[in-house]
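Right, one structure below, let's go through it.
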Amino acid sequence: MTAWAVYNFGRLKLSLNTILNDNYANVVVVEKMALSLQDHEDAVLAILNRDVNNGKVKFTESKDGFFQLFQQASENPTVSEAGPILKSIQSTYEGYLLGVDSLISLANRGDFISAKSFYDNILITFSKNLTDYCFWLIEENQKEMIKVGEQTKIMSDEAIIAVLVASILAFGLSVLMIVQFTKRIIEPAERLTDTVYQIGRGRLDLKIDIQTNDEIGELSREFNKMTERLRQFEELNIEKILSEKQKSETIVQSISDAIIVCDGNSKIQLINRTAEELLNISERHVVGKSIKESISDERIQHICANANDPSSVNQPYLQFHYRGRPVYLRPRISVIPPIHTERSGMVLVLQDVTQFKDLDKAKSDFMAVVSHEFRTPLTSINMALDIIRQRLLGSLTEAQEDLLRSAKQDGERLTKLVRELLQLSKLESGKFEVREKAIDLRKVVESAIQPLSLPFKEKGVEMKLSLEDDLPPLIADEQQLSWVISNLLSNALRYTDKGGCVEIIATPQGGSVIVQVRDTGQGIPQEYIENIFDKFVQVKQSTDFTPGSVGLGLAIAKDIVEMYGGKIWVESEVHKGSTFSFRMPAAQGQAV
């Protein structure tokens, strides 16, 4: 059918090409010849109107164009009558040119009256005959186009009938093929589908009885093998699966920590006895229900809702009242990888860290007591050293002066350590006084850098101050925030060599202000970045010695910033410097 259609469409294409490429092209050329003859007449009229030179130029241009068009028409005549007509045009045009030459001669002599008479009596006849010949040739081509068009219509009707007959034959053959295909393929496939459906419903004792050697037969044999393996697997593993399930539930129930197991839709699948007692729920009432419906504690709801993002858990531990006493539980989430679903389940373990919390509190209380007890004797020792160094009790030798100076430095170091320990114990015990009022950050920075100007100058380190003019007031305590900035500046000075630079930058950002202390010092190795704000953490080489520093300053600064709703972090690169930054919330609509 396709070959027959291509043949008929080829005949139609040939007829259309004859009309468009031959007849129509000749019609266009002859029309251009008629227009060129009009240009001839315009040039002759210009000569008769005494514009001889311009008329001669126009006539020469139109004559050249006419010759080119006449040559195109002569090269591809499409009708039998075109040859005589073209010869008549050629002979008449030659006579016309001779007449124009005579007219130009009369015009050159200035005899325009004779030239006008010559044009009216002789030359206009040649022009009219040429135009008539052109329209005659156009008419003959149009007749040929009509004739070819009628032939094309006949061929089109024949092609439609031929393609229609071929389509009917093809349809009949297709019906026969479909019937055969149904008998050979579809019926065995339907029997196979019906048997597979019953196997899927649990009839593992069935077998597919299709005795063919084609693809359906091969597929049937493979299904029979698969069914046999499934039947054996079911017999062997049901008891094993039940045993493993019971074993897992027993293990979960025996764990002393509270455990909650959820599926990918946040529905409870399993909880142990500890979780039931802690959350005052019953397993048989909550299994199959969502966390939000079953557990009223919003902290547990938040943790389970953000199981895939452990960083969303803000509190390191949760406080509960369990069996008449306060307990502290650390939430730990383990994500169960999805197997047949897109969502993953999770296991929430509430680990009891009460004893560690009690130990930490005992440690903090001990530190507070020891620091407080150290404070009074240290003050007395420092006063005694100052009295002796001032020679109020007598003169001193140079060696005695050196010993007293070293003792004074050690006393100041111990005093600084005791002060930091006391401040840390206050922060950890919750006794630190939070003074929330609007403060001017510029004044705080100026008061923080004033006592450090001399140490910076003595070490040869430049201090730069870059504060924006439109800094909003902050909600914090001026003295505490000044201590944070002073600590960051002291650390930057300690680890920046002579000739370096420390810059303080403060810029507003949204509803907060970011303060940065940037130095060109030694930098911090990447392995210390995460722990730099922990207590008693110091970054130094074995040869480094930093008197009076035990790694508490940054821990205290972190606690103070977070106490006022801020955040502190560090960016650093070894040998290129560090940038300590903290963000503090701005006061809304308050004046300083």
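In this chain, residues are counted from 1 in sequence order.
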**Prompt:** Where do Ile271 and Leu279 land on the side-chain contact (heavy atoms from CB on, under 4.5 Å) test, with the steps shown first?
**Reply:** CA-CA 11 Å; Ile271 62 173; Leu279 301 174; over 6 Å; no

**Request:** Report the C-alpha separation of Leu493 and Val502 in whole Å, then their side-chain angles, then the decisive distance to 0.1 Å, and conclude whether the side-chain contact (heavy atoms from CB on, under 4.5 Å) test is met.
**Result:** CA-CA 7 Å; Leu493 176 62; Val502 176; 5.6 Å; no

**Stepwise side-chain contact (heavy atoms from CB on, under 4.5 Å) test for Val515 and Val484** = CA-CA 11 Å; Val515 181; Val484 172; over 6 Å; no

**Item:** Val444 vs Glu478, side-chain contact (heavy atoms from CB on, under 4.5 Å): CA-CA, chis, key distance, verdict
**Value:** CA-CA 6 Å; Val444 174; Glu478 183 174 348; 3.6 Å; yes

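Atom CZ of Arg442 has more than 12 heavy atoms from other residues, nucleotides or ligands within 6.0 Å. The 12-atom threshold is not exceeded at CD of Gln450, counting heavy atoms of other residues, nucleotides or ligands nearer than 6.0 Å. Heavy-atom neighbours of Glu527 CD from other residues, nucleotides or ligands within 6.0 Å: above the threshold of 12. Within a 6.0 Å radius of NZ in Lys576, other residues, nucleotides and ligands contribute 12 heavy atoms or fewer.
Listed by chain and residue number, Ala258, Asn272, Tyr322 satisfy the side chain to side chain contact (heavy atoms under 4.5 Å, CB included) test with Thr274 (two or more places apart in sequence, or in another chain). Applying the salt bridge (charged side-chain N to carboxylate O under 4.0 Å, His left out) test to Asp497 and every residue at least two apart in sequence or in another chain returns nothing. Listed by chain and residue number, nothing satisfies the ring-ring contact (aromatic ring centres under 6.0 Å, His included) test with Phe456 (two or more places apart in sequence, or in another chain). For Glu468, there are no salt bridge (charged side-chain N to carboxylate O under 4.0 Å, His left out) partners at least two apart in sequence or on another chain. Judged as a side chain to side chain contact (heavy atoms under 4.5 Å, CB included), and not counting sequence neighbours, the contacts of Ser447 are Ser482.
A donor-acceptor pair is defined here as one N or O able to donate and one able to accept, closer than 3.5 Å; such a pair exists between the side chain of Lys459 and the backbone of Thr496. Counting only distance, with no hydrogens or angles, the side chain of Gln526 and the backbone of Ser572 share a donor-acceptor pair below 3.5 Å. Using a distance-only test at 3.5 Å, with no hydrogens or angles considered, no donor-acceptor pair links the side chain of Thr520 to the main chain of Gly500. In this structure a side-chain-to-backbone donor-acceptor pair under 3.5 Å is present from Lys289 to His285. Between the side chain of Glu276 and the main chain of Glu283, a donor-acceptor pair closer than 3.5 Å is present.
Inter-residue side-chain proximity for Val327 and Arg325 is flagged as met; some heavy-atom pair is nearer than 4.5 Å. Two residues are said to be in side-chain contact when any heavy atoms from C-beta on lie closer than 4.5 Å; Arg583 and Val561 fail this criterion. Residues Val517 and Phe582 fail the side-chain proximity criterion, which asks for heavy atoms closer than 4.5 Å. Side-chain contact between Arg518 and Ile505 is present, with at least one heavy-atom pair separated by less than 4.5 Å. Looking at heavy atoms from C-beta onward, Ile568 lies in side-chain contact with Phe533 at the 4.5 angstrom threshold. In this structure the side chain of Leu350 never reaches within 4.5 angstrom of the side chain of Asp257, judged on heavy atoms. Counting heavy atoms from C-beta outward, Ile291 and Leu348 have side chains that stay 4.5 Å or more apart. The shortest distance between side-chain heavy atoms of Ser294 and Ile281 does not fall below 4.5 Å.
Here the OG1-CD distance, from Thr507 to Gln516, works out to 6.0 Å after rounding to the nearest 0.5 Å. With rounding to the nearest 0.5 Å, the separation of OG in Ser453 from CG in Leu489 is 10.0 Å. Here the CD atom belonging to Gln522 is positioned 10.0 Å from the CD1 atom belonging to Ile524, to the nearest 0.5 angstrom. Taken from CD1 in Ile556 to CH2 in Trp483, the straight-line distance is 4.0 Å, to the nearest 0.5 Å. The CD1 atom of Ile449 lies 9.5 Å from the OG atom of Ser486; values are rounded to the nearest 0.5 Å. Distance CD1/Ile300 to CD1/Ile260: 6.0 Å, rounded to 0.5 Å.
Of the candidates Asp477, Leu481, Leu474, Asp477 is the only one forming a side-chain contact (heavy atoms from CB on, under 4.5 Å) with Tyr564.
Contact record, Ile475 with Ala438: CD1-N, 4.1 Å, taken as the closest heavy-atom pair. Here the closest non-hydrogen pair linking Asp352 and Leu329 is CA-CD2, 3.5 Å. Closest heavy-atom contact between Met346 and Cys304: CE-SG, 3.1 Å. When all heavy atoms of Met584 and Gly566 are compared, the closest pair comes out as SD-CA, 4.4 Å. Among all heavy-atom pairs drawn from Gly288 and Lys267, the shortest one is O-CD, 3.5 Å.
The pair Arg299-Asp297 meets the salt-bridge criterion, since a charged nitrogen lies less than 4.0 angstrom from a carboxylate oxygen.
For the salt bridge (Lys or Arg N to Asp or Glu O under 4.0 Å) condition, the pairs that include at least one residue of residues 560-571, sequence neighbours left out, are Lys558-Glu562.
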